[in-house]
Trainee: 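Input: one structure, supplied below.
The basis for the numbers below is simple: all heavy atoms, side chains too, and nothing from hydrogens, waters or symmetry mates.
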Amino acid sequence: MRIAIEQAIYLGGVRGVGTYVRSLVKALAEISGADEEFLLFGFFFRDFESKNKQVYYPRNPRFRPALKRWPESWVTRLEWEWGLPVIDSFCRGEGVAVYHSPATRLPHLSRAAGVITVHDLVCEVHPEFLAPQARAGWSAFSREQVSRADLVMVDSECTKRDLMERFGTAEEKIRRVYLGIDHEAFKPVEEPKIQECLRKKFALPGRYLISVGPWEERRNLETELEALRVLVSRPQTQECSLVLVGSGEGPYVEGLRRRVHELGLSERVIWTGYVSREELAGLYTMAAAYAYPSWYDGYNMPLLEAMSCGAPAIVSRAGVLPELGRDACLYFDPGSPEEMADCLSRLLTNQALAQELRKKGFARTMDFQWENTARQVLSVYREAAGGRAR
């Protein structure tokens, strides 16, 4: 069986979708058998050679590149605006049995089974985060893509429910496959020299909360800033600071920076910008808590990575977060800075509770292994190729 996995150079790069594809391909190379062959398909024109180098190629003869120097704008227009099956000609020529799109964008296929991954429906659940015109276009496009897919993979039961309730997708068409964690990268960093280097590089205080971007409206950092203001007004938590990892640019972030100043928190909020995975693991390890007040997520890898590094987690009672965290987290209403501050105070003043959450967090993250993800995804490919979902 020949499977084409679309690469994510133009679907998010090294962020979310790109990390998903890279990790999945790496795990598939370790567990798939001789009956499967994989084509790593993608198309881009400018900077072709440099983008080619961004694609992960496992050292496995059953995985080979199938990158095309096609103009993205023209392929997108022909395939998804005019409905002309450009990519189908590639699939027929290569004898592709299953085409997997790692995001909600499936080409028109005549013979190959189409599998897509839907990571969330944030624009449906919280349409206020998108401009009305863009919202309408996204919704109509996504519904059409989901309807054409033979099977739809989702990262969580949360997104599965959203698909069924908001798109009317049949349950028998959806396969929930949890994503794994890179446990080699995200584990406690306890070497004193490394910790000291990180403290100096980022001017870290003795005790801090950590949150990870990218920063956008649905991440709801406003609630966290208000909660921090409450914390620093209380004697037992007045030394607490907040470390924000991720891009510190853009209109939304500029508004947040102004809010930090208005709340008198300029000395308590540290913006690190982008950091390496090694640095991030160290920052998680030393944090007093991972704090996340999001309005909605269909999945949240940083929560699992933080717990895997030993950070006790306090997150909003919204979207997928209770599903992922279960009893390993403390939860609060994302619209209540006071409830968030109270949860943080409980944790920061109770070492026994913090240790309990660390232990539960470690245990919970062991349920998320990329090998398990790859085995389930391979099963979905086989099912789609067999036509059982048609």
Trainee: Are P312 and R358 side-chain neighbours, meaning at least one heavy-atom pair lies under 4.5 Å?
Mentor: yes
Trainee: Does H261, at its NE2 atom, have more than 12 non-hydrogen atoms belonging to other residues, nucleotides or ligands within less than 6.0 Å?
Mentor: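 Count not over threshold, so no.
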Trainee: I'd like to know if E305 pairs up with R277 as an ion pair, taking the criterion as any Lys NZ or Arg NE/NH1/NH2 lying under 4.0 Å from an Asp or Glu carboxylate oxygen.
Mentor: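 Not counted as a salt bridge, because no side-chain N and carboxylate O are separated by less than 4.0 Å.
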Trainee: Is there side-chain contact between F202 and V243, with heavy atoms separated by less than 4.5 Å?
Mentor: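 A side-chain contact is absent here, since even the closest heavy-atom pair is not under 4.5 Å.
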Trainee: Quick one: are L283 and Y208 in side-chain contact, heavy atoms under 4.5 Å?
Mentor: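 Contact flag for L283/Y208 side chains = yes.
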Trainee: Could you state the interatomic distance from CD1 (I181) to OG1 (T365), rounded to the nearest 0.5 Å?
Mentor: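 With rounding to 0.5 Å, CD1 (I181) is 5.0 Å from OG1 (T365).
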Trainee: Step through the shown structure and confirm whether more than 12 heavy atoms of other residues, nucleotides or ligands are within 6.0 Å of CD on E171.
Mentor: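 Atom CD in E171 is not crowded, with 12 or fewer foreign heavy atoms closer than 6.0 Å.
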Trainee: Pick out which of V320, V152, V118 makes a side-chain contact (heavy atoms from CB on, under 4.5 Å) with T159.
Mentor: V118
Trainee: Do Y299 and D120 make a side-chain contact, defined as non-hydrogen atoms from C-beta onward lying under 4.5 Å apart?
Mentor: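 In short, these two side chains do not touch, never coming nearer than 4.5 Å.
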Trainee: At what distance, to the nearest 0.5 angstrom, does OG of S142 lie from CZ of R166?
Mentor: 13.5 Å
Trainee: How about R64: does its CZ atom have over 12 heavy atoms from other parts shown lying under 6.0 Å from it?
Mentor: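 Yes, enclosed.
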Trainee: Any donor-acceptor pair under 3.5 Å linking the side chain of R317 with the backbone of Y331?
Mentor: yes
Trainee: Is it the case that H100 and T117 place a side-chain donor and acceptor less than 3.5 Å from each other?
Mentor: yes
Trainee: Is there a donor in the side chain of E216 and an acceptor in the side chain of Y252, or the other way round, less than 3.5 Å apart?
Mentor: no
Trainee: Would W215 end up clustered with L228 when hydrophobic side chains under 4.5 Å apart are linked, directly or stepwise?
Mentor: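 W215 clusters together with L228.
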Trainee: Under 30°, 30 to 60°, or over 60°: which ring-plane class applies to W370 and Y20, parallel, tilted or perpendicular?
Mentor: tilted
Trainee: Is any NZ, NE, NH1 or NH2 atom of the basic residue among E144 and R148 found under 4.0 Å from an Asp or Glu carboxylate oxygen of the other?
Mentor: yes
Trainee: How long is the straight-line distance from CD of Q7 back to CZ of F44, given to the nearest 0.5 Å?
Mentor: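 Answer rounded to 0.5 Å: 8.5 Å.
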Trainee: When rounded to the nearest 0.5 angstrom, what is the spacing between CD in E338 and CD in E226?
Mentor: 8.0 Å
Trainee: Using 4.0 Å as the upper bound for N to carboxylate O, is an ion pair formed by R62 and D35?
Mentor: no
Trainee: First locate atom CG of N350, then atom OG of S345, and finally report the distance between them rounded to the nearest 0.5 Å.
Mentor: 11.5 Å
Trainee: Considering only heavy atoms from C-beta outward, does the side chain of F43 approach that of F41 to under 4.5 Å?
Mentor: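 They are in side-chain contact.
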Trainee: Mind checking whether W74 and W82 have parallel, tilted or perpendicular rings, split at 30° and 60°?
Mentor: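 Rings of W74 and W82: perpendicular, as their planes differ by over 60°.
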Trainee: Does the pair Q145 and W80 meet the rule for a side-chain contact (heavy atoms from CB on, under 4.5 Å), with working shown?
Mentor: CA-CA 10 Å; Q145 304 302 295; W80 287 284; 3.5 Å; yes
Trainee: Does the side chain of S139 pick up a donor-acceptor pair with the side chain of R143 at under 3.5 Å?
Mentor: yes
Trainee: Compute whether any side-chain donor of one residue and acceptor of the other, for Y292 and D297, lie under 3.5 angstrom apart.
Mentor: yes
Trainee: Heavy atoms, side chains only, cut-off 4.5 Å: are E222 and L256 in contact?
Mentor: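 When only atoms from C-beta onward are counted, L256 and E222 do touch, with a gap below 4.5 Å.
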Trainee: Side-chain donor-acceptor pair under 3.5 Å between D47 and S50, yes or no?
Mentor: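 There is no such pair between these side chains.
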Trainee: Report, as yes or no, whether the 6.0 Å neighbourhood of atom CD on E81 holds more than 12 heavy atoms from other residues, nucleotides or ligands.
Mentor: yes
Trainee: If we only count heavy atoms from C-beta on, is the T223 to P337 side-chain gap below 4.5 Å?
Mentor: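 Of all side-chain heavy-atom pairs linking P337 with T223, at least one is under 4.5 Å.
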Trainee: Is K193 salt-bridged to E196, cutoff N-O under 4.0 Å?
Mentor: no
Trainee: Would you confirm whether H108, through its side chain, and E79, through its main-chain N or O, come within 3.5 Å as a donor-acceptor pair?
Mentor: yes
Trainee: Between R46 and E72, does at least one N-O distance fall below 4.0 Å, as a salt bridge requires?
Mentor: no
Trainee: Under 4.0 Å between a Lys/Arg side-chain N and an Asp/Glu carboxylate O for E371 and R375?
Mentor: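 So E371 pairs with R375 through a salt bridge.
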Trainee: Would you compute the distance between atom CG of L321 and atom OG of S316 and round it to the nearest 0.5 angstrom?
Mentor: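 One gets 4.5 Å once the value is rounded to the nearest 0.5 Å.
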Trainee: Not counting sequence neighbours, which residues clear ring pair (Phe, Tyr, Trp, His ring centres under 6.0 Å) with F368? List them please.
Mentor: Y178
Trainee: If we count only N and O atoms by modelled type, under 3.5 Å, do the side chains of Y57 and N52 hold a donor and an acceptor together?
Mentor: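 On atom types as modelled, these side chains qualify, holding a pair under 3.5 Å.
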Trainee: I'd like to know if V269 and Y274 are part of one continuous hydrophobic network [Ile/Leu/Val/Met/Phe/Trp/Tyr, side-chain heavy atoms within less than 4.5 Å].
Mentor: no
Trainee: Do NZ/NE/NH1/NH2 and the carboxylate oxygens of R257 and E254 come within less than 4.0 Å?
Mentor: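 No, this pair does not count.
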Trainee: Please examine the side chains of P205 and I270, heavy atoms only from C-beta on, and report whether any two atoms are closer than 4.5 Å.
Mentor: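 Counting from C-beta outward, I270 and P205 do come under 4.5 Å.
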